[in-house]
Amino acid sequence: QVQLVESGGGLVQAGGSLRLSCAASERTFDRYTMGWFRQAPGKEREFVAVIWATGTVYVADYTDSVKGRFTISGDNAKSTLYLQMNSLKPEDTAVYYCAASRIIGIRATSTRDYHYWGQGAQVTVSS
């Protein structure tokens with residue numbers, strides 16, 4: 001099974017940027033749908049972004065609250081998934097998780113769609 005390890009979290013002021021990385025133990029983008037989720041204290045884990053393959057084309061989608069600010073991407077040669085986060089807001093504070101789904105070719109936005117999870121990376125945005 002694929003193993004996922006996140007890095008790149010930290011503390012940043014509102015309006016700043018961070019890039020999260022998720023290193024996978026094997027090639028992922030042609031074998032899995034990949035996603036980012038986040039979980040704030042006292043809240044359920046929620047969908048942030050997803051990237052999936054349709055033939056030779058990769059498609060990305062985002063939850064409305066991060067559209068235009070976050071970008072999901074990947075480097076298959078490095079087996080690494082990224083989440084570039086710009087214009088961060090205090091409400092983006094959460095533990096961020098990368099995840100892999102064996103269900104390929106779909107816009108997977110539910111935690112139930114995913115089979116493998118990283119350990120999480122804390123992102124804290126101060127006001």
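Count residues from 1 along the sequence. Please read all numbers here as calculations on a predicted model, not as lab measurements.
Checked against a 6.0 Å centroid threshold, the rings of Phe37 and Tyr114 count as neighbours.
Side chain of Trp36 to main chain of Tyr82: a donor-acceptor pair is present (N/O by atom type, distance under 3.5 Å, no hydrogens or angles). Put simply, the side chain of Thr93 never gets that close to the backbone of Glu91: no donor and acceptor are under 3.5 Å apart. Of the possible polar contacts, one joining the Asp75 side chain to the Lys78 backbone as a donor-acceptor pair under 3.5 Å is found. At least one donor-acceptor pair under 3.5 Å links the side chain of Glu6 to the backbone N or O of Gly120. Checked by atom type and distance alone, the side chain of Arg45 never pairs as donor or acceptor with a backbone atom of Arg38 at under 3.5 Å. Using a distance-only test at 3.5 Å, with no hydrogens or angles considered, a donor-acceptor pair links the side chain of Ser101 to the main chain of Asp113.
The shortest distance between side-chain heavy atoms of Gln84 and Leu20 does not fall below 4.5 Å. Two residues are said to be in side-chain contact when any heavy atoms from C-beta on lie closer than 4.5 Å; Ile103 and His115 meet this criterion. At least one side-chain heavy atom of Gln119 sits under 4.5 Å from a side-chain heavy atom of Val5.
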Next on the checklist: Between Thr124 and Val12, is the side-chain contact (heavy atoms from CB on, under 4.5 Å) condition met? List the steps.
Outcome noted: CA-CA 6 Å; Thr124 303; Val12 64; over 6 Å; no
Checklist entry - Run the side-chain contact (heavy atoms from CB on, under 4.5 Å) check on Leu88 and Phe70 step by step: do they pass? => result CA-CA 9 Å; Leu88 283 160; Phe70 290 12; 3.8 Å; yes
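Atom CD of Gln3 has 12 or fewer neighbouring heavy atoms from other residues, nucleotides or ligands inside a 6.0 Å radius.
Using a 4.5 Å cut-off between side-chain heavy atoms of Ile, Leu, Val, Met, Phe, Trp and Tyr, with links allowed through other members, Leu4 and Met85 fall into the same hydrophobic cluster. A continuous path of Ile, Leu, Val, Met, Phe, Trp and Tyr side chains, each step under 4.5 Å between heavy atoms, connects Leu81 with Val2, placing both in one hydrophobic cluster. No path of Ile, Leu, Val, Met, Phe, Trp and Tyr side chains, each step under 4.5 Å between heavy atoms, connects Val66 with Val95, placing them in separate hydrophobic clusters. Side-chain heavy atoms closer than 4.5 Å link hydrophobic residues (I, L, V, M, F, W, Y) into clusters, and following such links, possibly through other members, connects Tyr116 to Met34. Placement of Val125 and Leu11 in two distinct hydrophobic clusters is found when ILVMFWY residues are connected by side-chain heavy-atom separations under 4.5 Å, directly or transitively.
Contact between Thr80 and Ala23 at its shortest, heavy atoms only, is OG1-CA, 4.2 Å. What you find for Ala14 and Ser127 is that their closest heavy atoms are CB-CA, 4.4 Å. The two residues Gly105 and Thr33 make their nearest non-hydrogen contact at N-OG1, 3.6 Å. Between Trp52 and Ile106, the shortest heavy-atom distance links the atoms CG-O, 3.3 Å.
In this structure, the side chain to side chain donor-acceptor pair (under 3.5 Å) partners of Lys67, at least two apart in sequence or on a different chain, are Asp64. For Asp61, the side chain to side chain donor-acceptor pair (under 3.5 Å) test picks out Arg107, with sequence neighbours left out.
Between Tyr97 and Trp117, the two ring planes are perpendicular [angle over 60°; tilted spans 30° to 60°].
A distance of 7.0 Å separates OG of Ser65 from CG of Asp92, quoted to the nearest 0.5 Å.
Of the residues Val50, Ile72, Val48, the one that meets the side-chain contact (heavy atoms from CB on, under 4.5 Å) test with Tyr62 is Ile72.
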